[in-house]
2 protein chains.
Amino acid sequence: MTKARTHVLEAITQAKEPVSARQLCEKFQSDYDPATVYRALHYLEEKGRLDSFILHCAEHGTERYYVLHSEEHRHWFHCERCHRFTDLGLCRFDDLVAQMSLEKGLAITSHTFYATGICPECRRKM
Amino acid sequence: MTKARTHVLEAITQAKEPVSARQLCEKFQSDYDPATVYRALHYLEEKGRLDSFILHCAEHGTERYYVLHSEEHRHWFHCERCHRFTDLGLCRFDDLVAQMSLEKGLAITSHTFYATGICPECRRKM
DNA sequence: TATAATTTGCAAGTGACTTGCAAATTATAA
DNA sequence: TTATAATTTGCAAGTCACTTGCAAATTATA
């Protein structure tokens with residue numbers, strides 16, 4: 001592991017919620033080139049240390065977010081105000097997805113789910 | 001309605017499955033500038049005639065897809081081989097989403113769901 | 001250590017849009 | 001129906017989130 005990769009992994013470990021590539025590029029802008037950050041993310045995901053997903057939000061556009069890899073499949077809520085994520089826990093859609101799969105004869109290998117709205121903290125401030 | 005907007009809306013109506021902006025730009029490349037196609041899509045969505053969502057697939061990257069607007073919230077399956085969509089029917093996640101919302105005190109205003117894998121036609125050809 | 005293999009920074013390139021602006025359409029008024 | 005006002009279009013350039021080529025700098029292996 002090189003310094004860049006170690007630092008990127010540490011940043012994501014400490015975040016405890018999904019972090020976008022752009023956030024990491026900003027955080028490390030005085031240490032590493034964006035290309036290095038992106039390459040570190042690819043490397044870490046390829047090595048199974050990170051998971052990622054793409055989410056679109058009106059304010060930040062379409063970005064890829066990274067979390068530490070886990071065997072368990074989780075879903076996230078994204079706050080439209082503060083842009084922080086809330087863990088929605090382990091996936092509870094497996095039965096419904098299996099049912100859809102059966103109904104249409106599909107071989108569903110993965111699914112994407114996320115919820116958006118306002119988190120409790122932001123609601124309090126409204 | 002101008003000609004461009006009418007033609008874009010017709011193309012989406014005939015497709016009966018989500019169509020990407022890029023597909024429409026290609027279809028109309030000899031008739032309209034891509035900027036016009038994009039502007040027509042914004043106009044039609046703004047006027048409530050279209051709904052859209054963003055989906056990322058390995059082969060086509062991240063693109064916005066458009067369908068005719070409907071009051072009912074539906075979800076789609078995207079085939080990784082032929083890139084066609086299969087309608088998964090009306091949303092069945094409302095109860096689960098409400099439950100997540102309650103558990104975490106979130107004001108969930110929308111959610112995104114899509115499944116990916118191989119459709120029956122592509123599976124037959126494997 | 002010396003040498004081989006890998007990674008990094010920089011700059012340029014991509015893909016999916018987005019925007020400024022003048023010309024062409026379309027809508028409204030007379 | 002035509003004059004005028006408002007909107008839309010095409011073109012070219014710009015933006016944003018990456019991606020890539022290549023030589024220099026690191027890191028790994030002998």
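Sequence lines set the chain letters: A, B, ... in the order given, protein chains first and strands last, and positions in each chain run from 1. Since we're looking at a predicted model, the values are computed, not measured. Every heavy atom of this structure was used, including side-chain atoms; hydrogens, water molecules and symmetry mates were not.
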side-chain hydrogen bond (donor to acceptor under 3.5 Å, both in side chains) between H56(A) and T62(A), intermediate numbers included: CA-CA 4 Å; H56(A) 177 90; T62(A) 305; 2.7 Å; yes
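Across the protein-nucleic acid pair, D33(B) atom CG and dT25(C) atom P stand 15 Å apart, rounded to whole Å. In this entry the distance linking CD of E63(A) with P of dG15(C) reads 21 Å, nearest Å. The separation between E46(A) atom CD and dT19(D) atom P is 14 Å, rounded to whole Å. R64(A) places its CZ atom 14 Å from the P atom of dA17(D), with the value rounded to the nearest Å. M1(B) places its CE atom 19 Å from the P atom of dT25(C), with the value rounded to the nearest Å. Going from atom CG of L41(B) over to atom C1' of dT19(C) covers 17 Å, rounded to whole Å.
Remark: dA23(D) base-pairs with dT8(C); criterion is Watson-Crick or G-U wobble with both hydrogen-bond distances under 3.5 Å. As the counterpart of dA30(D), dT1(C) is assigned, both hydrogen-bonding distances of the Watson-Crick or G-U wobble pattern falling under 3.5 Å.
Of the N and O atoms on the side chains of H73(A) and E71(A), not one donor lies less than 3.5 Å from an acceptor on the other residue.
Dashed line: the shortest gap from a side-chain N or O of T2(A) to OP1 or OP2 of dT8(C) is under 4.0 Å.
Closest-nucleotide positions on DNA chain C for A4(A) and K3(B) were compared, and the one nearer the 5' end corresponds to A4(A).
In this structure, F85(A) has its ring center under 6.0 Å from that of Y65(A).
A salt bridge is defined here as a Lys NZ or Arg NE, NH1 or NH2 lying under 4.0 Å from an Asp or Glu carboxylate O, and E121(B) with K125(B) fails to meet this definition.
The side chain of R39(A) has dT20(D) as its nearest neighbour among dT7(C), dT9(D), dT20(D). Distance from the side chain of R22(A) is smallest to dA17(D) among dT9(D), dA17(D), dT7(C).
Using a 4.0 Å heavy-atom distance criterion, R5(A) is classed as a sugar-phosphate-only contact. As judged by a 4.0 angstrom heavy-atom cut-off over every strand, H60(A) is placed among residues touching the sugar-phosphate backbone only.
Taking CZ of F53(B) as the start and OH of Y66(B) as the end, the distance is 11.0 Å to the nearest 0.5 Å.
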